[in-house]
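This chain uses plain numbering: 1 for the first residue, then up along the sequence.
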Amino acid sequence: MATTEHPPSRLRGWMLQGLSDMGKRGGLTGPHAEPEPPHRGQRWWRVMCLTGVDYFSTLGYQPGIAALAAGLLSPLATIVLIVVTLAGALPVYRRVAQESPHGQGSIAMLERLLSFWKGKLFVLTLLGFAATDFLITITLSAADASTHLVENPHLTSTLGGHQMLITLILVALLGAVFLKGFLEAMGVAVALVGVYLVLNVVVVITGLWHVLTAEHVVTDWTDALTVQHGNVFVMIGVALIVFPKLALGLSGFETGVAVMPHVQGDDGDTEERPAGRIRDTKKLLTTAAVIMSCFLITTSFITTLLIPAAEFKPGGQANGRALAFLAHEYLGSAFGTVYDVSTIAILWFAGASAMAGLLNLMPRYLPRYGMAPHWARAVRPMVIVFILIAFLVTWLFDANVDKQGGAYATGVLVLISSAAIAVTIAARKAGQRGWTIGFGVISAVFLYTTVANVIERPDGVKIGACFIAGIMLVSLLSRLARSFELRVTSVAMDPMAERFVRDMASRKIRFIANEPDNRDRAEYRDKIEQIRTDNDMPEQEDFVFVEVTVADPSEFETCLTVRGEVLHNRYRVLAVESSSIPNALAALLLHVRDLTGRTPHIFFEWTEGNPFANFLRFFLFGQGEVAPVTREVLREAEPDRARRPRVHTG
């Protein structure tokens with residue numbers, strides 16, 4: 001009785017829809033979006049606004065975090081932050097832009113320096129911290145947006161006590177946007193950043209005016225500093241010690257480089273030499289850093305001098321919203337409400353940029369490693385996974401901005417430290433001694449800052465470790481499940497190899513899988529004799545040897561180049577280089593079948609040793625239990641048994 005195959009449910013089809021706005025070329029989705037076609041893109045200042053929704057939005061909470069961390073020393077500690085930004089992070093990422101002009105970032109630079117499994121594991125570790133950075137951006141931004149909403153004088157009586165619920169709703173709305181489809185948003189980013197920066201200029205000018213007109217404010221601050229810390233040198237020392245707590249002000253550089261493919265550049269730019277794109281990206285990074293530095297020092301100054309210290313603490317009206325507090329206090333409720341709306345919008349949009357970064361960063365690496373399940377290629381299931389994790393993080397941190405600051409700073413600092421190390425190595429390889437020393441010093445500063453932040457606030461490294469463990473586990477299981485896939489993307493044969501195949505096509509096509517050793521006459525003579533004896537074959541049977549050399553077994557997908565050789569004037573050999581012997585043999589057999597229209601046969605000898613140990617050798621090093629694995633790869637690649645190449649083992 002024939003059975004009717006039921007079509008997949010509408011929900012399943014919608015969830016696993018592979019083509020979406022996230023995947024369309026030109027559909028801007030965040031810091032790790034696909035690059036636009038050559039010679040197209042946006043002006044650099046517009047792209048700066050895209051990364052600015054992440055970078056500039058930290059003004060919503062950075063002054064309050066600085067006041068809590070450094071107290072009266074907040075302006076001095078912020079000056080240290082600005083020096084590190086302009087003399088450290090900015091030169092590092094200008095070099096990253098030069099070395100990685102297609103938006104791959106520092107992770108790709110380090111990936112090129114390491115090979116085999118150690119390189120893959122290192123990249124997976126950095127991806128864990130990158131996931132921490134982006135995910136905490138979502139939860140922290142939503143928490144701060146809800147703080148601005150709850151603390152608004154018009155809404156505090158209605159929404160007070162519901163910050164957790166509001167934060168979860170904002171995160172859920174963010175997920176809904178991506179489930180619906182996230183399209184080109186450059187214009188929205190420009191509008192949000194433009195309005196937000198103008199409103200902040202008004203607040204800063206107003207705050208500075210009140211500081212200058214009320215002379216006792218400055219004298220009270222300096223007197224209090226002297227009483228607390230004694231002299232200038234002690235103040236500088238304390239500012240250097242508390243600086244790691246202010247590291248949130250360094251966020252935005254990694255995304256600034258990642259959006260490079262959207263920078264227009266010059267008409268003469270090519271994908272290989274995008275000189276105009278690199279130049280304009282450096283303008284983008286420099287302009288953003290200078291603007292942010294100006295706001296950081298002025299906002300830390302006015303908030304420290306004009307807001308009572310008690311208001312910065314949890315429960316205070318300035319906690320997580322210092323500039324909004326000043327906007328309401330000195331510019332009135334109407335302006336303050338407009339400022340709140342602008343801040344909520346840019347904070348929420350910063351979460352959207354981070355979500356797009358997550359959805360684009362993971363597929364950039366994991367599929368190439370064979371470390372992503374098939375459903376991870378669809379946007380919507382991944383959105384649900386990340387939103388559920390964001391719910392969990394929000395609940396664990398009680399939707400509190402201050403509690404999440406350590407985790408966010410850890411993710412940011414690890415990425416900046418990795419970038420500093422990457423450019424140091426790049427400068428050393430280029431023979432640039434001065435830059436090598438300079439970047440080495442910067443790397444040391446960021447490594448110290450990272451370690452100090454981890455010691456002071458270990459939540460970040462704990463969350464990063466959870467992400468790393470999760471990515472490692474999922475990657476391992478995915479790689480294990482996909483081990484038997486046909487992982488060869490193409491097969492190219494040189495003229496000699498094609499001649500061997502055409503010659504055999506007139507009779508039975510018989511290959512012998514041989515592990516190359518000395519490659520002398522005795523090796524091939526003994527191998528043929530063994531195959532004939534094991535399979536009880538007559539002497540007149542003709543064979544061609546296939547030898548696969550494993551290059552990098554950690555690579556998942558490879559292109560096969562088959563080279564034909566005649567050794568000792570008698571033995572024909574097809575030499576192949578691949579990341580996996582069984583997968584390469586299976587791909588070659590299928591290619592020969594399709595090329596000749598005949599079914600090829602391949603002969604193996606049984607592998608000695610424990611089968612489980614041999615399978616682990618195959619999984620990790622691309623060799624081991626070759627015969628049965630080759631047969632399994634063929635079985636999965638060709639369901640029709642009649643058309644499947646034959647595997648013989650003696």
Side-chain angles (χ1 to χ4, degrees), residues 54-55 58 61-71 73-96 105-107 109-110 125-126 128-130 132-134 136-137 140 235-257 285 288-289 292-293 296-297 300 402-425 436-465 468:
D54 178 16
Y55 193 22
T58 57
Y61 45 81
Q62 175 70 16
I65 289 177
L68 280 175
L73 281 173
S74 175
L76 189 57
T78 301
I79 290 175
V80 176
L81 173 64
I82 292 171
V83 171
V84 174
T85 297
L86 297 179
L90 180 58
V92 164
Y93 278 94
R94 284 171 63 92
R95 183 61 179 257
V96 172
S106 59
I107 296 179
M109 291 179 64
L110 290 170
T125 300
L126 289 181
F129 284 109
T132 303
D133 181 8
F134 285 122
I136 298 297
T137 298
L140 187 145
M235 296 177 193
I236 294 174
V238 174
L240 291 172
I241 292 173
V242 301
F243 155 70
K245 298 181 180 180
L246 278 64
L248 289 181
L250 292 167
S251 67
F253 280 100
E254 190 74 24
T255 55
V257 171
L285 294 169
M292 190 63 174
S293 296
L296 283 174
I297 185 58
S300 68
D402 300 326
K403 292 180 180 178
Q404 296 179 75
Y408 188 20
T410 299
V412 171
L413 286 171
V414 168
L415 291 180
I416 293 181
S417 298
S418 67
I421 293 171
V423 298
T424 302
I425 297 173
T436 302
I437 295 173
F439 286 136
V441 172
I442 294 171
S443 299
V445 170
F446 283 124
L447 286 173
Y448 155 74
T449 307
T450 303
V451 172
N453 182 78
V454 169
I455 294 173
E456 178 71 22
R457 297 178 291 182
D459 291 334
V461 76
K462 290 178 181 177
I463 290 182
I468 292 168

Hey, could you give me the [atom1]/[atom2] distance between [X] and [Y], rounded to the nearest 0.5 Å?
X   : Y    : atom1 : atom2 : value
L90 : M292 : CG    : CE    : 14.0 Å
I65 : L140 : CD1   : CG    : 6.0 Å
Y55 : L285 : OH    : CG    : 9.5 Å

Side chain to side chain, [X] and [Y], heavy atoms closer than 4.5 Å:
X    : Y    : answer
V242 : L73  : no
T132 : V461 : no
V423 : M109 : yes

Please work out which of the three classes, parallel, tilted or perpendicular, describes the rings of Y93 and F253, given edges at 30° and 60°. parallel

How far apart are the closest heavy atoms of [X] and [Y], and which atoms are they?
X    : Y    : result
S443 : I421 : OG-N, 3.5 Å
S300 : P75  : OG-CA, 3.6 Å
T424 : G440 : OG1-N, 3.6 Å
L296 : Q62  : CD2-CG, 3.6 Å
F446 : A420 : CD1-CB, 4.3 Å
I241 : Y448 : CA-OH, 4.3 Å

Does T78 reach the main-chain N or O of I297 with its side chain, forming a donor-acceptor pair under 3.5 Å? no

T58 side chain to D54 main-chain N or O, any donor-acceptor pair under 3.5 Å? no

T85 vs S293, test: side-chain hydrogen bond (donor to acceptor under 3.5 Å, both in side chains). Steps then yes/no. CA-CA 8 Å; T85 297; S293 296; 5.1 Å; no

Can you name the one residue among T436, I442, I437 that meets side-chain contact (heavy atoms from CB on, under 4.5 Å) with F439? I442

